[in-house]
Amino acid sequence: MHTQVGIIGAGPAGLLLGQMLHVKGIDSVILESRNQDYVIDRVRAGVLEQSTADFMDAMGVGDRLHREGMRHEDVYVSFGGRRHLIPLAELTGGKAIYVYGQNEVVKDLMNARLATGRPLHYEVSDVSVHDINTDQPRIRYRHNGSDQELICDFIAGCDGFHGICRPALASALGDAAKFYDRTYPCGWLGILADAPPSSDALVYTYHERGFALYSMRSQKITRLYFQVPPDEDIRDWSDEAIWEEMLARMTTVDGWKPNVGPILNKNVTAMRSFVAEPMNAGRLFLAGDAAHIVPPTGAKGLNLAAADVLLLGRAFAQFYRESKTDLLARYSCEALKRVWKAQRFSWWMTQTLHKFPGENPFDYQRQLADLDYIVGSKAAMTSLAENYVGLPIDVAF
Ligand code: FAD
Ligand code: DHB
């Protein structure tokens, strides 16, 4: 079997790349180790940057996002018991965020893939990459009980943080590969609740008891998080205890609080910053979480995956249309510029809004001063807003 681009992983990065290549008339085969329901049901991201939404539109997969997703032109930052509005659109020349679950994004992309008739194989196993330093790299895998080999022009490693592509890049590059890593001494306990939103914008809260985040998925479902120790066992948290903690952290002096309802899903996520540099080795190119991870506080992970795909898809298109390789050669460098800015923003949001072990009252006052400065200075607020809605991607779709 031969294809132009072999894509490993059918998360947002792999599916979006497959769609972009289709739009550009380039063949691909997507290989996914899990089944379709597993990929859809994972409860993860909820915030799309303006440029991610624009990209989905340009790829012909934005219809449902605009029908069912929620466009938010503001966000709140809450501390000292008060919510402060950050008018995102007003400060960024009309840009906004879209609250639309990752589950819905992958569903839309899977349906688009199905409509193209191009291959997407679920439940493949024993995936490995070979000959990435030649112009015929190969992917070996097992599917439906038989061994397969896919000969490609290029391989796109979109297999997330625990995939096989980054280790393959590391062993191909040896000392030429660099990995930057930071773990945080906290995690997020997240719930989906059957309760209508009580706010029309997200609320990022810094409370003496720690961080909390108010988000939503629809007019009926809220999505809430609070900071816990990284190794917290979700079985230690009854639904009643979760609501008590949510309300303790989020309720403001004017009486605003989340609506309480049955908890539909609960889990704990660890927080980490990670960057692999470079993002390619020979003809293996990484995109999305396979190459980098951000702590979720800035809502950047899926958006960075989309920005990588835009650059990588454009580079493949240039290769097939004009037989040129300069965009492929620049891919890692260009992508990493944006990745590092998102890393900085996500780290800053995390360290400003969380309580960390070992900190003292000085740190608490410093964090409050940081937040008070942001809501009191148009310049500081604009800086937060332009990062939160997403820095510009100066690439035409
Ligand atoms: P993944 O979604 O991890 O997809 C990789 C795929 O590859 C998976 O389907 C996996 O099964 C498959 N795979 C793995 N190994 C193999 C293999 N060997 N062979 C074949 N397939 C393989 N981001 C935002 O932008 N905004 C947010 O609001 C936001 N909130 C978040 C909240 C939480 C609680 C969490 C956990 C994350 C959040 N993120 C957010 C981050 C976002 O979910 C990820 O960045 C995003 O899923 C990355 O997409 P990806 O396609 O690169 O990787
Ligand atoms: C959501 C997740 C985030 O990480 C974030 O910063 C904002 C919202 C969410 O799941 O809705």
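First listed ligand is number 1; within each ligand, the first listed atom is number 1. Note: hydrogens, waters and symmetry copies are ignored here, and every other heavy atom, side chains too, is used. By convention here, the first residue in the shown sequence is residue 1.
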For ligand 2, which of its N or O atoms have a protein N or O partner closer than 3.5 Å, and how long is each gap?
unit_1	atom_1	unit_2	atom_2	d
ligand 2	4 (O)	Pro296	O	2.7
ligand 2	6 (O)	Tyr204	OH	2.7
ligand 2	6 (O)	Pro296	O	3.0
ligand 2	6 (O)	Thr297	O	3.4
ligand 2	10 (O)	Arg217	NH2	2.7
ligand 2	10 (O)	Tyr225	OH	2.6
ligand 2	11 (O)	Ser215	OG	2.6
ligand 2	11 (O)	Arg217	NH1	2.8

Quick one about Glu123 and Ser125 (side-chain donor to acceptor, distance below 3.5 Å, no hydrogens or angles considered), yes or no?
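No, Glu123 and Ser125 have no side-chain donor paired with an acceptor closer than 3.5 Å.
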Can you see whether Arg182 engages Tyr184 through a side-chain donor-acceptor pair at a distance of less than 3.5 angstrom?
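No - no donor-acceptor pair under 3.5 Å links their side chains.
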hydrophobic_cluster_shared for Leu312 and Trp340, side chain cutoff 4.5 Å:
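As far as the 4.5 Å side-chain criterion goes, Leu312 and Trp340 are connected within one cluster.
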For the pair His66 and Tyr98, name the ring-plane relationship: parallel under 30°, tilted 30 to 60°, perpendicular over 60°.
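His66 and Tyr98: perpendicular rings.
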Parallel, tilted or perpendicular for His354 and Phe211, by the 30°/60° rule?
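His354 and Phe211: parallel rings.
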Quick one: does [X] get an N or O within less than 3.5 Å of an N or O on ligand 1?
X      : value
Ala299 : yes
Phe161 : no
Gly301 : yes

For [X], the ligand 1 atoms whose distance to one of its heavy atoms is below 4.0 Å:
X      : value
Val127 : 19 (N)
Gly288 : 52 (O)
Leu31  : 20 (C), 21 (N)
Arg34  : 11 (O)
Ile8   : 19 (N), 20 (C)
Gly11  : 4 (O), 6 (C), 9 (O), 51 (O)
Gly160 : 3 (O), 5 (C), 53 (O)
Asn303 : 24 (C), 25 (O)

What protein heavy atom sits nearest [atom], and how far away is it?
atom                    : result
atom 43 (O) of ligand 1 : Gln102 OE1, 2.7 Å
atom 14 (C) of ligand 1 : Asp159 O, 3.1 Å
atom 18 (N) of ligand 1 : Ile164 CG1, 3.7 Å
atom 12 (C) of ligand 1 : Glu32 OE1, 3.2 Å
atom 34 (C) of ligand 1 : Thr269 OG1, 3.6 Å
atom 39 (N) of ligand 1 : Ala45 CB, 3.7 Å
atom 21 (N) of ligand 1 : Ser33 N, 3.2 Å
atom 2 (O) of ligand 1  : Arg44 NH1, 3.1 Å

Less than 4.5 Å apart, side chain to side chain, heavy atoms only: is that true for Leu224 and Pro258?
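The answer is yes; the side chains approach within 4.5 Å.
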Taking C-beta and beyond as the side chain, do Pro295 and Ser273 meet within less than 4.5 Å on heavy atoms?
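When only atoms from C-beta onward are counted, Ser273 and Pro295 do touch, with a gap below 4.5 Å.
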Just by distance, do the side chain of [X] and the backbone of [Y] share a donor-acceptor pair under 3.5 Å?
X      : Y      : value
Ser332 : Met279 : yes
Arg166 : Ala290 : yes
Asp363 : Asn360 : yes
Gln227 : Lys355 : yes

Can you tell me if Tyr141 contacts ligand 1 (heavy atom of the residue under 4.0 Å from the ligand)?
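Heavy atoms of Tyr141 never come under 4.0 Å of ligand 1.
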Looking at ligand 1, is there an atom of it that comes within less than 4.0 Å of some heavy atom belonging to Gly190?
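Heavy atoms of Gly190 never come under 4.0 Å of ligand 1.
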With salt bridge (Lys or Arg N to Asp or Glu O under 4.0 Å) as the criterion, how do Arg272 and Asp181 come out once you've worked through the C-alpha distance, each side chain's angles and the decisive distance to 0.1 Å?
CA-CA 7 Å; Arg272 182 170 203 163; Asp181 201 0; 2.7 Å; yes
Between [X] and [Y], does any side-chain N to carboxylate O distance fall below 4.0 Å?
X      : Y      : result
Arg235 : Asp233 : yes
Asp153 : Arg283 : no
Asp27  : Arg118 : yes
Glu49  : Arg338 : yes
Asp63  : Arg67  : no

Answer side chain, backbone, both or neither: which part of [X] comes under 4.0 Å from ligand 1, heavy atoms only.
X      : result
Glu49  : neither
Val294 : neither
His162 : neither
Asp289 : both
Leu302 : both
Tyr38  : neither

Sole candidate of Leu48, Leu15, Leu16 that passes side-chain contact (heavy atoms from CB on, under 4.5 Å) when paired with Val105
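Filter result, single survivor: Leu48.
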Other members of the hydrophobic cluster containing Phe161, with the 4.5 Å side-chain heavy-atom rule, please.
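Under the 4.5 Å side-chain rule, Phe161 groups with Met1, Ile8, Val29, Leu31, Val124, Val127, Val129, Ile132, Ile139, Tyr141, Leu150, Ile155, Ile164, Leu169, Leu173, Phe179, Phe274, Leu284, Leu286, Ile293.
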Could you check Tyr225, Tyr214, Tyr388, Phe79 and say which one makes a ring-ring contact (aromatic ring centres under 6.0 Å, His included) with Tyr204?
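Single ring-ring contact (aromatic ring centres under 6.0 Å, His included) partner of Tyr204 among Tyr225, Tyr214, Tyr388, Phe79: Tyr388.
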Going by the closest heavy atom to atom 51 (O) of ligand 1, which one wins out of Gly163, Gly46, Ala13?
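Considering heavy atoms of Gly163, Gly46, Ala13, the nearest to atom 51 (O) of ligand 1 sits in Ala13.
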